[in-house]
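One structure below.
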Number of protein chains: 2
Amino acid sequence: MKIVTLRDIAEQLNISVTTVSKALKDYPDVSKKTKMQVRELAKTLNYRPNAFAVNLRTKESKTIGLIIPVIVHHFFSNVIKGIISQAEKKGYLVIILQSDESYTLEKKQVELLLSQRVDGIIISLANETAKYNHLNDIIAQDKPLVMFDKIAKIVKCSKIIIDDRKAAYLATQHLIDIGCKRIAHFRGALLPQNSIDRFLGYKKALLDNNLPYDPALVYICECGDMSFEEGKKNAIQLMEDHDDIDGIFINTDLVAIGAMTALQNLGVKIPEDICIVGFSNWFMSSVISPSLTTINQPGFEMGKAAFKQLFREIKARKKGKHFEPKTVVLETELITRASTKITV
Amino acid sequence: MKIVTLRDIAEQLNISVTTVSKALKDYPDVSKKTKMQVRELAKTLNYRPNAFAVNLRTKESKTIGLIIPVIVHHFFSNVIKGIISQAEKKGYLVIILQSDESYTLEKKQVELLLSQRVDGIIISLANETAKYNHLNDIIAQDKPLVMFDKIAKIVKCSKIIIDDRKAAYLATQHLIDIGCKRIAHFRGALLPQNSIDRFLGYKKALLDNNLPYDPALVYICECGDMSFEEGKKNAIQLMEDHDDIDGIFINTDLVAIGAMTALQNLGVKIPEDICIVGFSNWFMSSVISPSLTTINQPGFEMGKAAFKQLFREIKARKKGKHFEPKTVVLETELITRASTKITV
DNA sequence: TAATAAATCGAAAACGTTTTCGAAACTACC
DNA sequence: GGTAGTTTCGAAAACGTTTTCGATTTATTA
């Protein structure tokens, strides 16, 4: 019941704490005999090193912090899983915080993690976040920082992203390739970089194909808890405003599925009347009817990559080397399904 | 850039570390003047207490551990959110681990959390888990432990659950009330208590209503990553085996939605030919067509309740009191939707 | 056997905080 | 001015580990 320490072992064996410590860590200057004795006793007493003391002494906790906008989210929960799985392999634990898309909370949580002295921080920014002092604080403390998905280009740290612009371009080009002439876009909130990039990719694809870009065809949705409803609402509004639409590129699968539901209720046939491309490849997208063409956004892989990068930086710091921030761009792909398959 | 300590402040003000510490914690035996000086300097130097040292000294880390079978899951991610939100209010951080339904991993993760000396542990058991030594280890160390959802009745700790049996009974009774005579059940894996309880509730409802219980009508699905596919497969199999079925009570919404998809593809009309009740009230259930009648399983509230309970136990331990394990049963409700609305 | 090399051990400092307890300084009162 | 009481401070121990460096013992060699 009592918690055993190095000292307990040392006293029982009539040796010093030093030797016990060294024996357990297999130092070369301890005899085989005492090593055996120590290890055996440690086992029978069920000795566990006091993590608090180890942390204090070694100045690291083998714990990292993760701040994400939302947890209940197909993409982000996959990222979490990726990070945790990779962290576990390297013996790291992960503290998770949810910013709820709030800048104030995000800032407070960064403070919290810094005062907890985690070994590094992984973050995906809140939609609201437009100032980056809190992030620069992390860097100023020379603590490893990796951003993913919702990033701030200005901040000097490593980043794990996809090429949102290219992916959006691909998605829009696909709509054009199958014959769409008037393509709407449901975009995400105004601030996040990826929402901007996806919009730009959409726009560029139109222009490259000599199709007019019409700002009136771009609808905004916050992509919060109400994504599905936003999709429905936007779709209904779109049908009222512009009934000549023949394709929509939508920022997120969940919004897209909402839109499809509303359109189908209005008697619009997909893909015959309107083709739809989503974004993220949520598992439900392959399952609904018609199945949804979408861009695969590899959440699990992003999580893994984010931790790997962070780990590299942690290792580099320990060796005193400085680490040049690196941006990793993960591959995406267009997955074509029934929502854009028109058999002409 | 250099990390400031109490000592730095003390030296700059020519006072002792003791006084600095006391000033910052508002001890009564420090003069107002020095308190002001200390606080001001602490602020300008951006002093942050070294969490490692505080932990070592106070023997607590204000951090708890959470072990869940899966992260990417509508119910569990809601629980995570509930736990984190509540923990944040009390100034606690949460380390999350995923057991992947594996007993071996779960056991290892408990070890890890214990050696990290978290202040308490919240756990929902893996499907595989049938031995509880690792849990008893936690209790033996007098560390607060709270289980939720997938619990082991034998283990002497606090538990947050719903009355699965009653909820399943309610669901089945509802099917009977609307005229179903031959009701199938897609149950979860064999070991988990809640999967057993839901099955028992289903069975009892049948018997109480003088309907025959037929084991052949009970299908098993593991409810892992393949839930949707399992639902489809089970539904198709069911139609082959017993085409006289007029109702199904299904362990999980996702499986139910899979089943509905398969049934609709087979030309079965829901609810006219077969009525369906799911379990968990996933947000998609209100959104698909037909919308799914289900049992509301309050994930967020369970998470909150779990942390609240853990927090009570942590407080009690600090006061040296012993805490009698408590089981909290949260309310559920039947949400009737289109999948069981037959207008006779 | 003496000198040297190798093997084995332990004292002590350090990590940064919290808290006890005694000492010093100051105030008030007769 | 002396006493008692109050206010303000700081030395020191403690939390449990890691690591340096010197000391001691044992083995090796000429």
Side-chain angles (χ1 to χ4, degrees), chain A residues 2-39 41-42 45-63 91 114-119 141 317-318 320, chain B residues 2-39 41-42 45-63 91 114-119 141 317-318 320:
Chain A
K2 182 187 172 289
I3 291 169
V4 312
T5 67
L6 290 183
R7 196 161 170 234
D8 297 324
I9 298 179
E11 282 175 357
Q12 283 206 36
L13 294 177
N14 257 324
I15 55 179
S16 75
V17 171
T18 308
T19 308
V20 177
S21 173
K22 287 201 262 195
L24 289 174
K25 316 196 81 192
D26 209 21
Y27 271 54
D29 64 344
V30 177
S31 71
K32 292 225 179 295
K33 209 184 88 188
T34 45
K35 268 184 193 168
M36 290 308 257
Q37 287 181 325
V38 169
R39 283 176 192 163
L41 187 55
L45 291 182
N46 197 23
Y47 167 76
R48 292 169 199 287
N50 183 322
F52 300 158
V54 176
N55 293 347
L56 176 60
R57 179 60 222 228
T58 61
K59 296 178 183 302
E60 57 172 14
S61 57
K62 299 274 186 184
T63 302
L114 284 179
S115 75
Q116 266 286 316
R117 282 174 159 67
V118 290
D119 295 349
Q141 293 204 14
R317 295 286 197 300
K318 278 211 272 189
Chain B
K2 182 188 172 289
I3 291 168
V4 310
T5 68
L6 289 183
R7 199 164 166 227
D8 297 324
I9 298 178
E11 281 175 356
Q12 283 205 35
L13 293 178
N14 258 323
I15 55 178
S16 75
V17 171
T18 308
T19 308
V20 177
S21 173
K22 287 201 266 197
L24 290 173
K25 315 197 83 190
D26 210 22
Y27 271 53
D29 63 344
V30 177
S31 70
K32 293 224 181 293
K33 209 183 86 187
T34 44
K35 267 184 194 170
M36 291 306 257
Q37 288 181 323
V38 169
R39 283 175 193 165
L41 186 56
L45 292 183
N46 196 23
Y47 168 77
R48 292 169 198 289
N50 182 321
F52 300 158
V54 176
N55 292 348
L56 176 60
R57 179 61 219 226
T58 61
K59 294 180 187 302
E60 58 172 11
S61 57
K62 300 270 186 187
T63 301
L114 284 179
S115 75
Q116 265 286 316
R117 281 174 161 69
V118 290
D119 295 348
Q141 292 204 15
R317 295 286 198 300
K318 279 212 268 189

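The chains referred to below are lettered A, B, ... by the order of the sequence lines, with proteins before strands, and numbering in each begins at 1.
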### Task
Output yes when Lys318(A) and Glu60(A) qualify as a salt bridge under the 4.0 Å nitrogen-oxygen rule, no when they do not.
yes
### Message
Can you work out whether Lys32(A) or Arg7(B) has the more 5'-proximal nearest nucleotide on DNA chain C?
### Response
Lys32(A)
### Message
Which nucleotide wins on minimum distance to the side chain of Ile15(B), given the candidates dC15(D), dG10(D), dT17(D)?
### Response
dG10(D)
#### Entry: Thr18(A) vs Val30(B), nearer the 5' end of DNA chain D by closest nucleotide
Val30(B)
### Query
What is the distance from CG of Asn50(A) to P of dT17(C), rounded to the nearest Å?
17 Å
### Atom-to-atom span, CD of Glu60(A) to P of dT17(D) - whole angstrom
17 Å
### Message
Can you see if the side chain of Tyr27(B) gets near the phosphate of dT20(C) - specifically, an N or O under 4.0 Å from OP1 or OP2?
### Response
no
### Distance in Å, Gln37(B) CD paired with Ser31(B) OG, rounded so as to fall on 0.5 Å steps
7.5 Å
### Message
Is there, by distance only and without an angle test, a donor paired with an acceptor across the side chain of Ser16(B) and the base of dA11(D) below 3.5 Å?
### Response
no
### Query
Whole Å only: how far is the NZ atom of Lys33(B) from the P atom of dA25(C)?
15 Å
### Task
Using only side-chain N and O atoms of Tyr47(A), determine if any of them is under 4.0 Å from OP1 or OP2 of dT17(D).
yes
### Task
Would you indicate, yes or no, if dG16(C) has its OP1 or OP2 atom less than 4.0 angstrom from a side-chain nitrogen or oxygen of Ser21(B)?
no
## Note on the structure
Separation of dT19(D) atom C1' from Leu24(A) atom CG, nearest Å, is 15 Å
## Note on the structure
To the nearest 0.5 Å, atom CG of Asn55(B) lies from atom CZ of Arg117(A) at 10.5 Å
### Query
Roughly how far, to the nearest 0.5 Å, is the CG atom of Asn50(A) from the NZ atom of Lys59(B)?
7.0 Å
### Task
Test for a donor-acceptor pair under 3.5 Å between the base of dG16(D) and the side chain of Lys59(B), counting only N and O atoms.
no
### Message
Can you measure Lys62(A) atom NZ to dT17(D) atom P for me and round it to whole angstrom units?
### Response
17 Å
### Query
Of all the choices, dG10(C), dC21(C), dT18(C), which nucleotide is nearest to the side chain of Thr19(A) once you look at every atom?
dG10(C)
### Task
For Leu56(B) and dT18(D), give me the distance from atom CG to atom C1', rounded to whole Å.
13 Å
### Query
Looking only at heavy atoms, what is the nearest atom pair of Leu24(B) and Tyr47(B), with distance?
CD1-CE2, 3.7 Å
### Query
Pick the nucleotide of DNA chain C nearest each of Asp29(B) and Arg57(B); which residue has the one closer to the 5' end?
Arg57(B)
### Leu13(A) CG - dT8(C) P separation (whole Å)
17 Å
### Task
Would you tell me if any nitrogen or oxygen in the side chain of Lys22(A) comes within less than 4.0 Å of OP1 or OP2 on dC9(C)?
no
### Summary
Winner on side-chain proximity to Thr5(B), out of dT20(C), dT17(C), dA11(C), is dT17(C)
### side chain to side chain contact (heavy atoms under 4.5 Å, CB included) partner of Lys22(B), chosen from Asp26(B), Thr19(B), Thr18(B)
Thr18(B)
### Task
Using atom CZ of Arg117(B) as one end and atom P of dC15(D) as the other, report the distance to the nearest whole Å.
13 Å
### Message
If you assign Val17(B) and Pro49(A) each to the DNA chain D nucleotide with the nearest heavy atom, which residue ends up on the more 5' nucleotide?
### Response
Val17(B)
#### Entry: Options dT17(C), dG10(D), dC9(C), nucleotide nearest the side-chain atoms of Thr34(A)
dC9(C)
